[in-house]
Participant: 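What follows is a single structure, and I will ask about it in a moment.
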There are 2 protein chains.
Amino acid sequence: MRGLFHPAKQDIALAQVMHALSDPVRLELLARVAAVDGEPCTAVAGDIDVHKSTLSHHYRVLREAGLTMTTVDGRTRVVRLRRDDLDDLFPGLLDAVLAAFRKHGA
Amino acid sequence: MRGLFHPAKQDIALAQVMHALSDPVRLELLARVAAVDGEPCTAVAGDIDVHKSTLSHHYRVLREAGLTMTTVDGRTRVVRLRRDDLDDLFPGLLDAVLAAFRKHGA
DNA sequence: CAATCGGTTTGATGATTGTCCAACTATCCG
DNA sequence: CGGATAGTTGGACAATCATCAAACCGATTG
């Protein structure tokens, strides 16, 4: 498995971030990751009704856009929000999106 | 020309807004519209290097996502930001995106 | 070692997208 | 009216996307 790619902070692009946040499943995932930081993937994904390979795909989109940081722990993956990088690059964006999602859904 | 469709405020969906903001051309358009509110389309589009029908397409995506309000004035279209609706629905989102775009580009 | 478990990778498929071009509509000007 | 101007519409095309299914892989467990 080619070691999980994460973009460097300066390579995080706004349009790509917005695209990563333009899917209902990914918004749901991000909101959950933001709520419980540092949980295994499945614990977070829980009841979402999509195939596990689809979930894997969405996690990769979030990761490669620079939104999340995934580390390997045994046979589970731990997903964390790159809040520091994002808040520094795009102040207020993450909080606005998360608040909007909590209030209105996708 | 089927009269320009604008979603009602309560029908503006987060995911669709994010998708509308996930294209470099549309981010550029939005930033310009935000800067000079109430200008004709071409005055705003100016030097952007895409075909005029492509521009028309992007304007429609922005409009149908609820980001802009387009009115017809003679033979030109006037595009305005739906700032009140957006700020009310998704507080801080628009400003965060615009600030991010001004600082980093797309 | 064998089975299981968490998750990835690799197709395949249908839908959506961004772009251009050509034709069209509607308005304005002379 | 006839031309120019501003923009839309429809078609075509390649690229990307979300989804599923099946095979796979590495870590853990029996």
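Throughout, protein chains are lettered first and strands after them, A, B, ... in sequence-line order, and every chain is numbered starting at 1. Both backbone and side-chain heavy atoms feed into the values below; hydrogens, waters and symmetry mates do not.
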Participant: Rounded to the nearest Å, what distance is computed from the CZ atom of residue A/R77 to the P atom of nucleotide C/dC5?
Facilitator: 17 Å

Participant: Once you round it to whole Å, what is the distance between P of C/dT16 and CZ of B/R60?
Facilitator: 13 Å

Participant: Hey, what are the protein-to-nucleotides 1-4 of chain D N/O distances that come in under 3.5 Å?
Facilitator:
none

Participant: Nearest whole angstrom, please: distance from the C1' of C/dT16 to the CD of B/E64.
Facilitator: 14 Å

Participant: Under 3.5 Å, which donor-acceptor pairs do the side chains of residues 85-106 of chain B form with other protein atoms, sequence neighbours left out?
Facilitator:
from   : atom 1 : to    : atom 2 : distance (Å)
B/D85  : OD2    : B/R82 : NE     : 3.2
B/D85  : OD2    : B/R82 : NH2    : 2.9
B/D88  : OD2    : B/K9  : NZ     : 2.4
B/D95  : OD1    : B/R83 : NH1    : 3.0
B/H104 : NE2    : A/L89 : O      : 2.9

Participant: Please round to the nearest 0.5 Å and tell me the distance separating atom CG of B/L14 and atom OG of A/S22.
Facilitator: 10.0 Å

Participant: So which pairs with a foot in residues 19-30 of chain A pass salt bridge (charged side-chain N to carboxylate O under 4.0 Å, His left out), sequence neighbours left out?
Facilitator: A/E28-A/R32

Participant: Using side-chain contact (heavy atoms from CB on, under 4.5 Å) as the criterion, list what pairs up with A/D49, not counting sequence neighbours.
Facilitator: none

Participant: Got a sec, which pairs hit salt bridge (charged side-chain N to carboxylate O under 4.0 Å, His left out) with one end in residues 12-22 of chain B, sequence neighbours left out?
Facilitator: none

Participant: Using side-chain contact (heavy atoms from CB on, under 4.5 Å) as the criterion, list what pairs up with A/T54, not counting sequence neighbours.
Facilitator: A/V50, A/H51, A/H58

Participant: Please, which pairs that meet side chain to side chain donor-acceptor pair (under 3.5 Å) have at least one residue in residues 11-21 of chain B, sequence neighbours excluded?
Facilitator: none

Participant: Between OG1 of B/T68 and CG of B/L29, what distance do you get to the nearest 0.5 Å?
Facilitator: 9.0 Å

Participant: Going 5' to 3' through nucleotides 18-24 of chain D, assign each nucleotide B (protein heavy atom under 4.0 Å from a base atom), S (under 4.0 Å only from sugar-phosphate atoms) or - (no protein heavy atom that close).
Facilitator: SBBBB--

Participant: Using a 3.5 Å distance criterion without hydrogens, assess whether the side chain of A/R63 forms a donor-acceptor pair with backbone atoms of A/H6.
Facilitator: no

Participant: Rounded off to whole Å, could you give me the CG-to-C1' distance for the B/L55 and C/dC21 pair?
Facilitator: 15 Å

Participant: Are any of the side-chain heavy atoms of A/E64 and A/F5 separated by less than 4.5 Å?
Facilitator: yes

Participant: Could you write out DNA chain D as dot-bracket? Rules: Watson-Crick or G-U wobble, both distances under 3.5 Å, brackets [ ] for crossings, | for pairs with another strand, dot for unpaired.
Facilitator: ||||||||||||||||||||||||||||||

